[in-house]
Amino acid sequence: WRSRTPAAFDYIVKILTSKKEGVSSLRYLRSFDFVPDGDEKSEALLKIVSAGTAPMDVQSDALNRLGKTHLRDKPEVKKALEAMLAGTRGKSGFIEVVKDFNIAGRDADVLDAALSDIKDARALTGIKLMLKSDAGRHVLTDSLASPRADKVVSLLGGSGDQQAIDLLLGTLFDVNNDKAVRVAAVKALALSAAGAEAMVKLASTNRFPNEFKTEASAALSLVQYPGISERAATAFPTVASTSGKMAAISELVKLKGDKA
């Protein structure tokens, strides 16, 4: 594999499609990086994905490479792609395949993959992909009324996308949503400058829901956005004494909270 010549392709293909243990390293496939693009290189990649015996990481890498060649529409590639989608469904890797091959119509599956691990960076990628299409936004909107709404809201907040901001604001103002979901929307809005700006503008025109101003104040106090944080402090003042300092604990404990 160190020869870095098309003459080695057949041997590399045999190694990568072998079912023997200990030969699943991507280093063999990466030897393709050192050979100029051409028919021999593309055909070798096609043999790898067509065999169906290569390890998942190798199969995925080879498919991604083929996606940039004139062979991407070959029946063998489409078949291997469907197998890859089936194998990664419900996992973060599914999002990578959809993104790399620009696959449409799988929004519900993309959301499932994103929610499988919201801490994975690919989860946010999935949400951004969905926000680009009407169908994807529709799936996201429906999910905001589901038991998974809190996770969806968290990812929307991290995207910083204006359409995500609009969805979060809709969630906040929808009185049919659970209070916990609406609170989560407030916290998510505070995760981006655009979201914080939207809340400040609403508060400055007395349109922000009064019952969530405490949560907004707390969420916005944890972030700093130039030109916004100062206005946020005015729009959502914290509980303070007349001297302008934080009230004493003895004063705070007298305040009545929401048992919910």
Side-chain angles (χ1 to χ4, degrees), residues 114-115 118-121 123-134 136-138 140-145 148-260:
L115 297 183
I118 62 174
K119 294 182 180 180
D120 190 307
L124 193 55
T125 298
I127 294 299
K128 290 181 177 180
L129 284 175
M130 297 178 69
L131 287 169
K132 292 180 179 179
S133 69
D134 290 338
R137 291 191 293 274
H138 181 72
L140 284 170
T141 300
D142 287 346
S143 71
L144 292 173
R148 305 187 297 177
D150 56 336
K151 289 185 178 180
V152 176
V153 163
S154 177
L155 287 172
L156 285 172
S159 75
D161 187 284
Q162 184 56 52
Q163 291 175 322
I165 301 301
D166 293 340
L167 284 176
L168 289 171
L169 289 173
T171 301
L172 170 61
F173 279 93
D174 189 344
V175 296
N176 294 316
N177 286 329
D178 289 341
K179 181 178 180 180
V181 174
R182 298 175 75 187
V183 169
V186 171
K187 294 179 179 179
L189 284 165
L191 294 177
S192 69
E197 177 68 30
M199 290 198 289
V200 170
K201 285 184 176 180
L202 287 169
S204 65
T205 54
N206 295 316
R207 290 183 294 153
F208 194 89
N210 287 326
E211 64 269 37
F212 297 106
K213 284 187 175 180
T214 299
E215 288 79 5
S217 174
L220 290 169
S221 69
L222 298 175
V223 293
Q224 289 293 320
Y225 300 117
I228 300 176
S229 294
E230 297 80 2
R231 291 159 49 222
T234 301
F236 299 100
T238 56
V239 178
S241 65
T242 55
S243 65
K245 298 180 180 179
M246 184 63 70
I249 296 297
S250 59
E251 295 179 45
L252 293 174
V253 296
K254 296 177 183 178
L255 299 175
K256 295 182 179 180
D258 188 342
K259 294 181 179 180

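Because the structure is a prediction, the values reported are computed rather than measured. Throughout, numbering of the chain's residues begins at 1 and tracks the sequence.
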For this session: Starting at CZ of R148, measure out to CD1 of I118 and round the result to the nearest 0.5 Å.
Result: 12.0 Å
For this session: Of all the heavy-atom pairs spanning A190 and Y225, show the shortest one and how long it is.
Result: O-OH, 2.7 Å
Exercise. Taking it one step at a time, do L155 and L115 satisfy side-chain contact (heavy atoms from CB on, under 4.5 Å)?
Worked result: CA-CA 9 Å; L155 287 172; L115 297 183; 3.8 Å; yes
Problem set entry | Heavy-atom closest contact (S192 atom, G160 atom, distance) | CB-CA, 3.9 Å
Exercise. Could you go step by step and tell me if R182 and V175 meet the side-chain contact (heavy atoms from CB on, under 4.5 Å) rule?
Worked result: CA-CA 9 Å; R182 298 175 75 187; V175 296; 4.2 Å; yes
Exercise. Donor-acceptor pair, T205 side chain versus L202 backbone, under 3.5 Å?
Worked result: yes
For this session: Please answer whether the main-chain N or O of K128 pairs with a side-chain N or O of S159 as donor and acceptor at a distance below 3.5 Å.
Result: no
For this session: Please report the shortest heavy-atom distance between A149 and L144, naming the atom on each side.
Result: CB-O, 3.4 Å
For this session: May I ask you to check whether over 12 heavy atoms, not counting those of K151, lie within 6.0 Å of atom NZ?
Result: no
Problem set entry | Short side-chain to backbone donor-acceptor contact, N177 and T171, under 3.5 Å | yes
Problem set entry | Atom pair CG/NZ of L220 and K213 - distance to nearest 0.5 Å | 12.5 Å
For this session: Measure the shortest side-chain to side-chain distance between L191 and V223 over non-hydrogen atoms and say whether it is less than 4.5 angstrom.
Result: no
Exercise. So how far is it from F173 CZ to F212 CZ, rounded to the nearest 0.5 Å?
Worked result: 10.0 Å
For this session: With rounding to the nearest 0.5 Å, note down the distance linking OG1 in T141 to CG in L167.
Result: 4.5 Å
Problem set entry | Derivation and outcome, side-chain contact (heavy atoms from CB on, under 4.5 Å), residues E211 and K179 | CA-CA 10 Å; E211 64 269 37; K179 181 178 180 180; over 6 Å; no
Problem set entry | Shortest non-hydrogen contact between E197 and R231, atoms and distance | OE2-NH2, 2.8 Å
Seminar exercise, completed: d(K132 NZ, D161 CG) to nearest 0.5 Å is 9.5 Å
For this session: Would you name the heavy atoms of L140 and L131 that are closest together and state the gap between them?
Result: CD1-CD2, 3.7 Å
Exercise. Taking all atoms of both residues into account, what is the closest heavy-atom pair of E215 and V183, and its distance?
Worked result: CG-CG1, 3.8 Å
Exercise. Between D178 and A180, is there a donor-acceptor pair closer than 3.5 Å when you use the side chain of the first and the backbone of the second?
Worked result: no
Exercise. Given the rule in the side chain to side chain donor-acceptor pair (under 3.5 Å) test, do H138 and D134 qualify, once you have shown the distances and angles that lead to the verdict?
Worked result: CA-CA 6 Å; H138 181 72; D134 290 338; over 6 Å; no
